[in-house]
Engineer: 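Got a structure for you, questions after.
A note on names: the letters A, B, ... follow the listed sequences, proteins ahead of strands, and every chain is numbered from 1. Bear in mind the structure is a predicted one, so any value in this text is a computation, not a measurement.
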Amino acid sequence: MAIEKTYDPAATEAKHYPRWEQSGAFACNPQSDKKPYTIMIPPPNVTGSLHMGHALTFTLQDVLVRYHRMNGRDVLWQPGTDHAGIATQMVVERQLAERQTSRQQLGRAKFLEKVWEWKAESGGTITRQLRRLGASPDWARERFTMDEGLNKAVNKVFVELYKQKLLYKDKRLVNWDPKMLTAISDLEVEQKEVKGHMWHFRYPLADDPTQYLCIATTRPETMLGDGAVAVHPDDERYKHLVGKFVRLPLVERLIPVIADEYPDPEKGSGAVKITAAHDFNDFEVWQRHRHKDYFTRQINGGLINLFDQHARLNENCPKQYQGLDRFEARKRVIADLDALGLVEKIEPITHVVPHGDRSGVVIEPWLSEQWYVNAGELAKQALAAVETGRTQFVPEQWTNTYYAWLRDIEPWCVSRQLWWGHQIPAWYGLKVNVDGKIEEKTFVAETEAEASSLACEHAQMPVAVVDKDTAWKKALETPDAGETKHYYLYRDEDVLDTWFSSALWPFSTLGWPQQTPELQRYYPTDVLVTGFDIIFFWVARMMMMGMHFMQDVPFRKVYIHALVRDEKGQKMSKTKGNVIDPLNMIDQYGCDALRFALTALSTPGRDIRLSPARIEGYRNFATKLWNAARFCQMNGCAFDPAFKPDTVQLTINRWIVGRVAQVQQQLAQHYTDHRFDLIAQTLYQFVWNDFCDWYVELSKPVLQTEGAEGQPETRATAAWVLAQMLKLLHPVMPFITEELYEGLNAAPGKMLMLEQWQPVESGDTAAAQEIDWLIRLITEIRAVRNELNVPASAAIALQVKDAASATQRRLKTHDATIKRLARVDRIEAINTPPQQAAQIVLNEMTVFLPLAAIIDLAQERARLDKESQKLQQEIAKLAQKLANDDFVAKAPPEVVEEQRQRLADNQAVLAKLQQARKAVAE
RNA sequence: GGGUGCAUAGCUCAGCGGUAGAGCACUGCUUUCACACGGCAGGGGUCGCAGGUUCAAUCCCUGCUGCACCCACCA
């Protein structure tokens, strides 16, 4: 098959991807006797579309996966997508809003239908885009975090944790998102620095209204819910006030002045208002004092909730503020206090304010009942697994980040007041007690049937599962005559945090809780490839769940890659307009160029600065490779299946075979070390510098001279090296290599992606030395020609003096090559140096270029002087070093010897240069 | 406030105790036979600053400066 003149990435990509996928080349094989190699894809959000961060992470994973497939492993790259609770719900709600409706109007069931519809329509976007990137996961095994099987795993985990008392319901302050109307976890809160004010208010003393106690706040509206003012017990300024009361302005309640360690006397006035229902610190203070009568006598024990779910002021506030939005209320409270002369001062400040990472609105600490996972307990094993090295982070420094977070972890709030997600498998039974009060009992079970039977057993009466409102209504009703009395059960309406199901991904996708063969075979996985931004969200939680439910780590290695930024180091964002779209890059430069760029730029511990120019550069590399393959084909280099690399005779062939062996070994090491940058660099240098710049050039005299000695061998070698090169490049550049492999016809009908890397015997050093010498000779001659402005078209003679017999042999062997590459028309041995010639010293040999007619002798003198000067500097440095007795005495002998040798070599060359200089003296 | 990373050629980055490297950009030559998305040659760096360890420091240690990021923090 002829290789086209130019490479057409779009056509090639469209041709090979379906071929790979349809042939089953991506599939794992549980029956295989090969060692498994497993990577779990970090499931992208179904709402998502491919951005550069995706392109990076999936490219690196695909590189690893393709490499291991070609090196004898049974690979499972498990694909899938995440239902992304809040994100997806927001997208669909936004669409509803455009149609002037809302989820509330639709109702839960209808709304969920809409989300599923939307998922069916748009959920395939990201996986289609992944295909464009050349990703090769086992698509047949694709999972969605809301799949039925995964839902079973979620329920099972929930129930187990509940039974083990590692999951429980608790009423405390949560991070409340008043826009999404749900609780969120600490991790979903983003601290943003904003400009605000510190307001200092005066609270009049109860027994002397002319005196004030001054407090400061950044959230004036919360003063309506103050339950106390706290001062430090050792603060002399306030000791006399502890135990007394102040009159809370606007509300006109009396609140106590209490002593607690929390206030910092150095900060502000040293007196702190305590608003237990709206501040995490204040809540803790309240908990320490809640049993004191100054709290128990207050409304709701001093824990006064001011907000409804929208963060509008509720019935616990004075009439004039009820129904106001929190920020409106803030203005009113300030104005009203000011009118009363109770504003001491207002300072402008910058401070950090919590925002919802999805909704972007200010988060309120809000009192509510939620489900929590005892993360502290689960963290113990997750920590131990890393401490003992069962899971390793690459680069290692991320271990510390992981430790720091897990060692200080708070309970994980897992319930969300959303509709889209795994509904919590808890049911509540309602019964009216003899005292007329309703008793609520919780039944946690994997299925409704199980919950019902538990409830039935508990209540000793028939159970009816209904919705929440009906349950409450019915429970209070007395059944009509003849009607059976039921125990009413309703399901918890909340859903679980998205990350709850993601945490199970490494085993839920393999069929857990069933003990499937896949689970046995592919868990624990080999490596997790991800960005540092989800170490807490995801990595740590998978570790916790994996250790707890599988008694083993979910992955042996965690490779943390960089963030992709723009060329100026700025984070890419739509608002900044500096987004580089991966699909756009693929269209412009081809997929392989993008993949190579991302791989090459993956330096450990450094963010990636990406610019289209870099991708363009690697597009050029692809073109270079393409043309090298064309060269081979045009010169009759047909692949010979019987070719044995260790039998080649010609020096150039022995040399390039040795280089293949070396490169393959280096690559294997770089893969082991996860050094993607070095993988790319090694490939780039080998293809461009070794193969194209030298091997192809060195082989031309053989390939392009009819009947030249060693021509069949050279043709076969070139074809073989090209085939090896394609194999080595394939993990990074799958498309162009597959296309060229087909063109090379190395293995008719076989796909490159399923070929194996074959170990190559390491080449001989003699050939490498000889080619090094040849390269140096040619390069030096070219340099001299260039520097002396010898026209490129001018052929010159080469006169050789003092060449040892081995060197003479080399000159003879490479006669045609030297003539061609250095543009020399004859090579002859001489004993007497010619006059007026440029000279090159290479080891023992001196080479003269008689250029009397062409060169400017003054220029040649300058050139020789410059070179001598460089050498003399070097010699001086070495001599000084060797004159240092301490160096000679203390440095390792081989280092001293090396320096001595270098000094001698330099001195020898200098001597010859000086001779040469004399020959052209004025 | 606690922590991490980075600082090497104009740019983006390797290297890391014993002669400073690559790619891109730049300069000169070169449309010639796989490739001008090419070839050949070349210029360019007191390796952030100050100390210390060492025979020897860009590399190890300490301090400083600058940049980036993470965690905590609404008195």
Engineer: Taking B:rG66 as the reference, what is the distance to B:rC29 when you measure between their P atoms (whole Å, please)?
Structural biologist: 47 Å
Engineer: Which nucleotide in the list B:rG23, B:rG5, B:rC35 gets nearest to the side chain of A:Y684?
Structural biologist: B:rG23
Engineer: Considering Watson-Crick and G-U wobble pairs with both distances under 3.5 Å, what does B:rC37 pair with?
Structural biologist: none
Engineer: Distance from A:Q872 atom CD to A:L910 atom CG, nearest 0.5 Å?
Structural biologist: 5.0 Å
Engineer: Could you please name the option among B:rG42, B:rG5, B:rG18 that lies closest to any side-chain atom of A:A783?
Structural biologist: B:rG42
Engineer: Would you kindly check whether a donor in the side chain of A:R619 faces an acceptor in the base of B:rC37, or vice versa, at under 3.5 angstrom?
Structural biologist: yes
Engineer: Nearest to the side chain of A:N627, heavy atoms from C-beta on, is which of B:rU4, B:rA34, B:rG39?
Structural biologist: B:rA34
Engineer: Which listed nucleotide (B:rC37, B:rG39, B:rC24) is nearest to the side chain of A:D693?
Structural biologist: B:rG39
Engineer: If we take the P atom in both B:rA68 and B:rU12, what is their distance in whole Å?
Structural biologist: 14 Å
Engineer: Hey, which of A:F676, A:W398, A:F532 is the one that makes ring pair (Phe, Tyr, Trp, His ring centres under 6.0 Å) with A:Y559?
Structural biologist: A:F676
Engineer: Looking only at heavy atoms, which two atoms of A:H670 and A:I679 are closest? And how far apart?
Structural biologist: CB-CG1, 3.6 Å
Engineer: Choose from B:rA41, B:rC33, B:rC35 the nucleotide whose nearest atom is closest to any side-chain atom of A:Q704.
Structural biologist: B:rC33
Engineer: Side chains of A:S185 and A:E188: donor-acceptor distance under 3.5 Å anywhere?
Structural biologist: yes
Engineer: Need one value for A:E410: base, sugar-phosphate or nothing, where a base atom within 4.0 Å counts as base even if backbone is also close, heavy atoms only.
Structural biologist: nothing
Engineer: I need the A:Y589 OH to A:N620 CG distance, nearest 0.5 Å.
Structural biologist: 9.5 Å
Engineer: Rounding to the closest angstrom, what is the interatomic distance between B:rG28 and B:rG44 at atom C1'?
Structural biologist: 15 Å
Engineer: Within the structure, does a side-chain N or O atom of A:N620 lie under 4.0 Å from either OP1 or OP2 of B:rG38?
Structural biologist: yes
Engineer: When you get a sec, tell me which of B:rG43, B:rG39, B:rC73 is the closest nucleotide to the side chain of A:V352?
Structural biologist: B:rC73
Engineer: Using a 4.0 Å heavy-atom cut-off, does A:E697 contact any base of the nucleic acid, only the sugar-phosphate backbone, or nothing at all?
Structural biologist: base
Engineer: Which of the following nucleotides, B:rA68, B:rC24, B:rG18, is nearest to the side chain of A:K881?
Structural biologist: B:rG18
Engineer: Tell me, yes or no, whether the heavy-atom count around A:E4 atom CD, taken from other residues, nucleotides or ligands under 6.0 Å, exceeds 12.
Structural biologist: no
Engineer: Among A:R630, A:R715, A:Q704, find the one that has a side-chain hydrogen bond (donor to acceptor under 3.5 Å, both in side chains) with A:N635.
Structural biologist: A:Q704
Engineer: For the side chain of A:R609, counting heavy atoms from C-beta on, which of B:rC70, B:rC24, B:rU12 is nearest?
Structural biologist: B:rU12
Engineer: Could you give the distance separating B:rC37 and B:rC6 at their C1' atoms, to the nearest angstrom?
Structural biologist: 33 Å
Engineer: Do A:I656 and A:F686 have side chains that approach each other closer than 4.5 Å (heavy atoms only, starting at C-beta)?
Structural biologist: yes
Engineer: Quick one: do A:E867 and A:K870 make a salt bridge, cutoff under 4.0 Å?
Structural biologist: no
Engineer: Quick check: do A:V272 and A:V229 have side-chain heavy atoms less than 4.5 Å from each other?
Structural biologist: no
Engineer: Taking a pair as Watson-Crick or G-U wobble with both distances under 3.5 Å, which nucleotide is matched to B:rC26?
Structural biologist: B:rG42
Engineer: Quote, to the nearest angstrom, the C1' distance that separates B:rA25 from B:rC67.
Structural biologist: 24 Å
Engineer: Rounded to whole angstrom, note down the P distance from B:rG15 over to B:rC60.
Structural biologist: 12 Å
Engineer: Please work out if A:L678 contacts a base, only the sugar-phosphate, or nothing of the nucleic acid, heavy-atom cut-off 4.0 Å.
Structural biologist: sugar-phosphate
Engineer: On a whole-Å scale, what distance lies between the P atoms belonging to B:rA57 and B:rA50?
Structural biologist: 15 Å
Engineer: So, is A:K267 near the phosphate of B:rC73, with a side-chain N or O under 4.0 Å from OP1 or OP2?
Structural biologist: no
Engineer: Round to the nearest Å and state the distance from A:R715 atom CZ to B:rA34 atom P.
Structural biologist: 14 Å
Engineer: What does A:R902 touch in the nucleic acid at a heavy-atom separation under 4.0 angstrom: a base, only the sugar-phosphate, or nothing?
Structural biologist: base
Engineer: Between A:E898 and A:T779, name the one whose nearest nucleotide on RNA chain B is closer to the 5' end.
Structural biologist: A:E898
Engineer: Using a cut-off of strictly less than 4.0 Å, decide whether A:W688 has a side-chain nitrogen or oxygen near OP1 or OP2 of B:rG39.
Structural biologist: yes
Engineer: Nearest 0.5 Å, please: how far is CG in A:L871 from CD in A:Q907?
Structural biologist: 10.0 Å
Engineer: Mind running a 4.0 Å heavy-atom check of residues 186-200 of chain A against RNA chain B and sending the residues that fall below it, in number order?
Structural biologist: A:Q191, A:M198
Engineer: Taking OP1 and OP2 of B:rG15, is either one under 4.0 Å from a side-chain nitrogen or oxygen of A:R675?
Structural biologist: yes
Engineer: So does A:Q685 get a side-chain nitrogen or oxygen closer than 4.0 Å to the phosphate oxygens (OP1/OP2) of B:rG23?
Structural biologist: no
Engineer: Could you work out the separation of B:rC73 and B:rG5 based on their C1' atoms and round it to a whole Å?
Structural biologist: 23 Å
Engineer: A quick test of your reading: do over 12 heavy atoms of other residues, nucleotides or ligands sit less than 6.0 Å from CG of A:D408?
Structural biologist: no
Engineer: A:R606 side chain N/O closer than 4.0 Å to the phosphate oxygens (OP1, OP2) of B:rC6?
Structural biologist: no
Engineer: Taking the nucleotide of RNA chain B with the closest heavy atom to each, which residue, A:K700 or A:P365, is nearer the 5' end?
Structural biologist: A:K700
Engineer: If the cut-off is 4.0 Å, is A:K877 near the phosphate of B:rG18, judged by side-chain N/O to OP1 or OP2?
Structural biologist: no
Engineer: So which protein N/O to nucleotides 28-30 of chain B N/O distances come out below 3.5 Å?
Structural biologist:
| residue | atom | partner | partner atom | Å |
| --- | --- | --- | --- | --- |
| B:rG28 | N2 | A:N786 | OD1 | 3.3 |

Engineer: Atom CH2 of A:W398 and atom P of B:rC69: how far apart are they, to the nearest Å?
Structural biologist: 12 Å
Engineer: Compute whether any side-chain donor of one residue and acceptor of the other, for A:T275 and A:D226, lie under 3.5 angstrom apart.
Structural biologist: yes
Engineer: Report each atom pair, protein N/O against N/O of nucleotides 52-55 of chain B, whose distance is under 3.5 angstrom.
Structural biologist:
| residue | atom | partner | partner atom | Å |
| --- | --- | --- | --- | --- |
| B:rC55 | OP1 | A:K890 | NZ | 2.9 |
| B:rC55 | O2' | A:N884 | ND2 | 3.1 |

Engineer: What is the pairing partner of B:rC6, taking Watson-Crick or G-U wobble pairs with both distances under 3.5 Å in any strand?
Structural biologist: B:rG66
